[in-house]
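Down below is the structure, laid out as structure tokens.
The shown structure was predicted, so the numbers you read here are calculated from the model rather than taken from an experiment. Any value given below was found using the heavy atoms of this structure, including those in side chains, with hydrogens, waters and symmetry copies removed.
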Amino acid sequence: MNPLSGVLGEAWQLYRRFAAHLLAIAFVIYLVAAVIVALLSLAGVIGSFLALIVELFATFLLQATLIKAVQDIRDGRVDLNLGETVSAATPYIWSVAGASILAGLAITVGLFLLIVPGLWLITIWAVIIPAIVIERAGAIDSFGRSRRLVKGHGWHVFGTLVLVFIIQLVVSIVLSLIFLKLPMVWRNGLSTFISGVLISPFIALVVTLIYYRLVGAAGPGAAGDAAAPGGYGTPPGGYGTPPGGGYGTPPPVGYGTPPPEGQDAPPPGGSGTP
């Protein structure tokens, strides 16, 4: 059974219902970053370097904030306003930054070498950001957590990510055609800005919902692995907390549902290769 069946439809429904809230978050972060980058770019080479850092910081902040926003709205209401959502996401920025940079470097190398290794890494690391923001995983621990969740569902995750990429590509092409008659600088700038504001919340919705679906598919107690000794720490309560002891209770045997009495625990899991 595919645990991700209908995930894009669910993401679209949440996107439409909470569009004002999610788009406002993306718009404000993009706008503030764009203004700062524009001002820094006037300061020559050093300013351009600082502008690049600001762009990266804004990207990590946007990722963490949108994941936190999706976690907030899954109960059907907005409990945190824009400022509160940003504040709730801020503590995770450094972990998100570290994980994103490491993943980006590894995936780039994988794509450059044979493409397939890069696609495999994209798949098994699909939910590292939700693991950080929702479970308070460390930057390094998030990779293992994501791989364990994706294990056994790699093709489903990969297929969903491909569909999201196609949607993103179509939106970018449409916007480019709309602004076709504008000068190239304006065309590229507006296209990037608007597509980012429109698509970022949807991507965050899909990735976060994938995370929750995979946690559910892992069975009761699977989320408790995050709180095992040396693990990530106990995430806050609220919507999405699994039954059977919640996040704070590690599974009694292995990862997932314990085997029947008298039967040996299964060996460590595989690679999660799609």
Just list the side-chain donor-acceptor pairs under 3.5 Å for residues 38-64, sequence neighbours left out, or say none.
residue: Ser41; atom: OG; partner: Val37; partner atom: O; Å: 2.7
residue: Ser48; atom: OG; partner: Gly44; partner atom: O; Å: 3.0
residue: Thr59; atom: OG1; partner: Glu55; partner atom: O; Å: 2.9
residue: Gln63; atom: OE1; partner: Ser100; partner atom: OG; Å: 3.3

Next on the checklist: Applying a strict under-4.5 Å side-chain criterion to I, L, V, M, F, W and Y, I'd like to know whether Phe165 and Ile203 cluster together.
Outcome noted: no
Checklist entry - Val150 and Ile124: which non-hydrogen atoms are nearest, and at how many Å? => result CG2-O, 3.9 Å
Item to check | Spatial distance of atom CG (Leu14) from atom CG (Leu205) [nearest 0.5 Å] | outcome: 5.5 Å
Next on the checklist: Do Trp120 and Ile115 have side chains that approach each other closer than 4.5 Å (heavy atoms only, starting at C-beta)?
Outcome noted: no
Checklist entry - Taking all atoms of both residues into account, what is the closest heavy-atom pair of Val197 and Pro201, and its distance? => result O-CD, 3.0 Å
Checklist entry - When the ring planes of Trp155 and Phe158 are compared, do they come out parallel, tilted or perpendicular, using 30° and 60° as the limits? => result perpendicular
Atom pairs and distances, side-chain donor-acceptor, residues 169-184, under 3.5 Å, sequence neighbours left out:
residue: Ser172; atom: OG; partner: Gln168; partner atom: O; Å: 3.0
residue: Ser176; atom: OG; partner: Ser172; partner atom: O; Å: 2.9
residue: Ser176; atom: OG; partner: Ser191; partner atom: OG; Å: 3.4

Checklist entry - Of the non-hydrogen atoms in Val207 and Pro130, which two are nearest, and what is the gap between them? => result CG1-CG, 3.6 Å
Next on the checklist: Which residues pass the side-chain hydrogen bond (donor to acceptor under 3.5 Å, both in side chains) test with Asn2, not counting sequence neighbours?
Outcome noted: His156
Next on the checklist: Applying side-chain contact (heavy atoms from CB on, under 4.5 Å), can you list everything that pairs with Ala99, at least two apart in sequence or on another chain?
Outcome noted: Ile128, Ile132, Ala139, Ser142, Phe143
Checklist entry - Looking at CG of Asp72 and CG of Leu22, how far apart are the two atoms once the value is rounded to the nearest 0.5 Å? => result 9.5 Å
Item to check | Nearest-0.5 Å distance, CG of residue Leu198 to CZ of residue Phe193 | outcome: 10.0 Å
Next on the checklist: Could you see if Trp94 belongs to whatever hydrophobic cluster contains Val133? Use Ile, Leu, Val, Met, Phe, Trp, Tyr and a side-chain cutoff under 4.5 Å.
Outcome noted: no
Checklist entry - Any side-chain heavy-atom pair from Val164 and Leu8 closer than 4.5 angstrom? => result yes
Could you list the donor-acceptor pairs under 3.5 angstrom formed between side-chain atoms of residues 23-31 and any protein atom two or more places apart in sequence or on another chain?
none

Next on the checklist: Leu102 vs Ile140, test: side-chain contact (heavy atoms from CB on, under 4.5 Å). Steps then yes/no.
Outcome noted: CA-CA 9 Å; Leu102 291 174; Ile140 302 300; 3.7 Å; yes
Next on the checklist: With a 4.5 Å cut-off on side-chain heavy atoms, are Leu66 and Thr85 touching?
Outcome noted: no
Item to check | Side chain to side chain, Arg213 and Glu10, heavy atoms closer than 4.5 Å | outcome: yes
Checklist entry - Which heavy atom in Ile73 sits nearest to a heavy atom in Phe18, and how many Å separate them? => result CD1-CD1, 3.6 Å
Checklist entry - Name the one of Ile107, Val116, Leu111 that satisfies side-chain contact (heavy atoms from CB on, under 4.5 Å) with Leu121? => result Ile107
Checklist entry - Step by step, would you call Val157 with Leu214 a side-chain contact (heavy atoms from CB on, under 4.5 Å)? => result CA-CA 9 Å; Val157 173; Leu214 293 177; 4.2 Å; yes
Extract all donor-acceptor atom pairs below 3.5 Å that involve side chains of residues 76-83 and protein atoms in other chains or at least two apart in sequence.
residue: Arg77; atom: NE; partner: Asp79; partner atom: OD1; Å: 2.7
residue: Asn81; atom: OD1; partner: Gly83; partner atom: N; Å: 3.1
residue: Asn81; atom: OD1; partner: Glu84; partner atom: N; Å: 2.7

Item to check | Verdict with reasoning, Ile134 to Tyr212, per side-chain contact (heavy atoms from CB on, under 4.5 Å) | outcome: CA-CA 10 Å; Ile134 297 173; Tyr212 278 115; 3.7 Å; yes
Item to check | Over-ring placement of Arg136 relative to Tyr92, 6.0 Å and 45° cut-offs | outcome: no
